[in-house]
Amino acid sequence: MPSIKTDPRVYMIAGGITPFKKRYDDKDFRLMVKEAYDMALAEVPRLTPDRIDGAVGSYFSDHFTRQLKAASMVQDYLGLCPKPSKRIEGGGATGGLCFQSAWEAVASGRMSVCVAFGFETMSRVNTWKGNEFIALASDTNFDFPVGGFYTGYYAMMVRRHMHEFGTTAEQMALVSVKNHANALYNPFAQKPRRLTVQEVRSSLMVADPLTMLDICTMSDGAAVCILADEKSAERFGRDPIAITGVGSGSDTMRMADRPHGKVPLLPHERAADYRHLKYPGVHSFRGGRMAAKLAYEMAGITRPLEELDFIELHDAYTSSEIQTYEDLGLCKYGEGGKFVEDGHPFLSNVDYGLKLANPGTLPVNPSGGLLACGHPVGATGLMQAVFAYWQLQGSIKKHMKKETLQVWNAKRGLIHSHAGTGTYITVTVMEKP
Amino acid sequence: MKRRSRKSSETVLYGLDPLIIRDPYEIVYRHSYAQDSPFFAGLTKGKLLGSHCPKCRVTYATPRSHCYRCGGATKWRAIPKQGTIHTYTTCYYGGEAFLDETPFILVLVAFEGVETLFLSRLIGARPEEVRIGMEVAARFSSTPSFRVTDVWFEPKARP
Ligand SMILES: [Zn+2]
């Protein structure tokens with residue numbers, strides 16, 4: 001597969017988000033996006049609306065909105081008509097795909113400045129109806145009628161991961177402890193909590209082995225990113241961040257259909273590492289590996305663990321964070337449980353109430369991730385971009401009031417957005433220019 | 001069984017400031033299984049029909065009328081009615097449509113000589129009895145609903 005080289009580069013020049021909440025009864029999706037948009041615009045006062053060439057909007061579910069063409073209503077509300085606009089939808093990866101679509105608009109030269117906006121309003125139905133809506137993003141002939149429930153699908157995937165590699169539920173619980181504790185310092189997060197492994201394991205069992213605290217919640221919220229070409233970034237941006245790697249991947253809609261073949265290797269891996277591994281089966285995300293491989297090739301990354309300073313990844317489940325460490329090549333397949341147990345993805349300056357051997361090697365989800373920030377689907381991937389943007393600017397204190405979550409001297413970060421049982425996955429690398 | 005639905009003119013208020021109303025939504029679709037129809041018809045005859053690609057010599061447990069390796073048309077092929085559990089979970093919660101069926105056990109079943117898996121329910125076993133590798137056998141509904149749930153699996157021999 002040919003790798004794409006981008007020249008000139010695309011930059012993120014502004015970002016904004018609403019706090020993610022269980023429910024916003026007093027603001028509809030248009031107003032939520034407007035608030036995030038105004039927050040972003042406030043950072044780039046020289047960027048007048050006539051300098052914006054167009055927008056890409058993202059929300060996942062027409063069932064949640066019960067309003068088709070809702071992105072058109074946002075375009076209208078933001079005063080961006082008659083500029084080009086479209087809606088991007090790709091399940092859980094909707095936000096990540098939207099970000100990459102805005103990147104494509106600028107990288108192709110079609111636009112100099114493009115707005116990416118995303119939102120979701122999941123509070124309009126009860127949690128179990130919401131779970132049913134989400135499960136409609138599985139095959140409705142063969143999967144949904146059997147008991148369509150994403151937590152059930154992820155429970156089966158991690159059960160197999162445990163069988164193949166010896167991953168434990170306690171290792172998964174460590175991800176929950178980490179992400180909920182990180183969120184204590186993030187005022188935009190929906191569910192900051194100080195937890196113990198015991199509390200995670202003894203909370204309500206939802207689908208064995210996943211408990212209520214292994215799973216992200218339903219949320220309302222919005223996020224906005226403004227992307228620009230080099231000239232516009234220089235002209236309007238105050239502290240622009242470069243987008244240096246873009247990759248995405250996919251897999252079969254039904255996880256039952258995944259093949260059992262060979263691992264697509266990253267530069268630092270060898271075929272001998274995986275001689276006996278049947279891949280991806282249901283234990284790994286082939287689309288995530290593809291996305292990482294493409295993004296690393298574009299960004300020139302050959303040793304991700306050493307060359308990245310932080311990661312914001314799609315931890316809809318504690319288990320999928322562990323599976324994703326492996327897809328991204330932070331450790332070998334099978335070592336994800338140990339990777340978190342050894343402390344690598346924790347922040348070194350946060351007290352988690354745990355004894356960790358190597359905290360802070362490569363912080364993962366310093367924001368608190370989906371588990372603790374919430375997951376208003378269409379906004380989530382853009383939220384990650386906003387947090388990554390602040391990390392790379394060194395502006396966490398300015399935006400979060402505290403600097404606890406600031407990864408010092410962060411030069412390069414990665415964001416990862418994920419849909420279905422791994423059916424669409426995006427990986428984007430962002431860097432200080 | 002079917003409750004008389006509320007008149008559309010009947011408005012329920014959930015809140016006044018902001019103003020929040022109850023807003024029901026119901027649709028009936030005309031759904032065709034199209035090229036997958038033989039699979040669902042097969043279930044009514046106690047058959048589990050998968051797809052076989054003669055060129056790639058691959059059998060898919062869940063049917064697909066075209067092979068994702070070579071793009072060629074597949075042939076219908078009965079797959080074994082016995083298999084082993086590749087992975088499983090017990091769902092104590094679920095989507096609203098399935099909440100009253102909880103707890104239920106989901107399994108991905110593997111079959112000898114078949115490349116891919118089949119998602120189904122396991123019935124007749126307690127959650128703590130289920131194991132990866134456990135032998136299971138397909139059971140078919142005698143009163144078909146023409147849904148994939150017309151087949152389910154049970155432990156091959158009760159422990
Ligand atoms: Zn074939």
Side-chain angles (χ1 to χ4, degrees), chain A residues 24-28 63 66 124-136 138-164 204-212 215 252-261 281-283, chain B residues 14-15 17-20 23 25 29 31-34 36-37 39-40 58 60-64 68-69 85-99 101-110 115-121 127-128 130-133 145 147-152:
Chain A
Y24 276 101
D25 272 337
D26 53 341
K27 290 167 196 167
D28 71 5
H63 292 84
R66 225 192 113 182
R124 292 163 47 83
V125 296
N126 75 58
T127 295
W128 305 115
K129 194 66 178 176
N131 269 286
E132 191 182 307
F133 284 175
I134 293 168
L136 289 170
S138 60
D139 187 315
T140 53
N141 282 349
F142 290 95
D143 291 349
F144 180 81
V146 179
F149 186 37
Y150 260 93
T151 305
Y153 304 155
Y154 275 79
M156 282 189 282
M157 287 190 279
V158 77
R159 172 77 68 199
R160 190 68 200 186
H161 197 277
M162 294 162 104
H163 176 82
E164 294 280 345
L204 275 180
M205 186 58 76
V206 178
D208 197 12
L210 297 170
T211 73
M212 206 62 100
I215 309 168
T252 60
M253 184 64 163
R254 297 184 292 245
M255 62 173 177
D257 291 356
R258 307 281 159 87
H260 293 81
V282 296
H283 53 75
Chain B
Y14 288 152
D17 184 22
L19 195 55
I20 306 168
D23 195 11
Y25 187 38
Y29 289 92
H31 181 63
S32 171
Y33 286 121
D36 292 335
S37 297
F39 170 83
F40 295 92
V58 163
Y60 298 97
T62 317
R64 51 188 313 128
Y68 67 47
R69 292 163 189 261
I85 293 178
H86 183 77
T87 187
Y88 64 95
T89 185
T90 303
C91 294
Y92 296 92
Y93 293 86
E96 194 178 72
F98 308 103
L99 264 189
E101 297 169 22
T102 57
F104 55 82
I105 300 171
L106 295 179
V107 288
L108 281 167
V109 182
E115 162 87 359
T116 62
L117 309 169
F118 187 80
L119 174 66
S120 197
R121 290 257 187 119
E128 62 275 16
V130 190
R131 296 281 178 273
I132 286 175
S145 65
R147 293 183 197 280
V148 71
T149 45
D150 284 346
V151 62
W152 65 89

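We use all heavy atoms of the structure for the numbers below, so side chains are in, but hydrogens, waters and symmetry mates are not. So that the names make sense, note that chain A is the first sequence line, chain B the second, and so on, each numbered from 1.
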Under a 4.5 Å heavy-atom cut-off, does chain B meet the side chain of [X], its backbone, both or neither?
X	answer
Asn126(A)	side chain
Phe144(A)	both
Arg66(A)	side chain

Let's test your reading of the structure: which of [options] forms the most heavy-atom pairs below 4.5 Å with chain A?
options	result
Leu108(B), Leu19(B), Thr102(B)	Leu108(B)
His86(B), Arg64(B), Glu101(B)	His86(B)
Cys91(B), Ala110(B), Pro127(B), Ala61(B)	Cys91(B)
Thr116(B), Thr89(B), Asp23(B)	Thr89(B)

Pairwise side-chain contact, [X] with [Y], heavy-atom cut-off 4.5 Å (strictly under):
X	Y	result
Phe149(A)	Val206(A)	yes
Pro103(B)	Tyr93(B)	no
Arg160(A)	Met156(A)	no
Leu117(B)	Met255(A)	no

Would you mind checking which part of [X] comes under 4.5 Å of any heavy atom in chain A, side chain (CB onward), backbone (N, CA, C, O), both or neither?
X	value
Tyr25(B)	both
Ile132(B)	side chain
Asp17(B)	neither
Leu106(B)	both
Val107(B)	backbone
Ser120(B)	backbone

Ring geometry between [Y] and [X] (parallel below 30°, tilted from 30 to 60°, perpendicular above 60°):
X	Y	answer
Tyr33(B)	His31(B)	perpendicular
His283(A)	His161(A)	perpendicular
Phe40(B)	Phe142(A)	tilted

Counting heavy-atom pairs under 4.5 Å to chain B, which of Thr140(A), Val158(A), Asp208(A), Thr252(A) comes out on top? Asp208(A)
Quick one: which of Leu210(A), Asp25(A), Asn131(A), Val146(A) has the most heavy-atom pairs under 4.5 Å with chain B, could you say? Val146(A)
Is the Tyr92(B)-Phe104(B) ring centre distance short of 6.0 angstrom? no
Using 4.0 Å as the upper bound for N to carboxylate O, is an ion pair formed by Arg69(B) and Glu115(B)? yes
Residues Asp139(A) and Arg254(A) bridged, charged N to O under 4.0 Å: yes
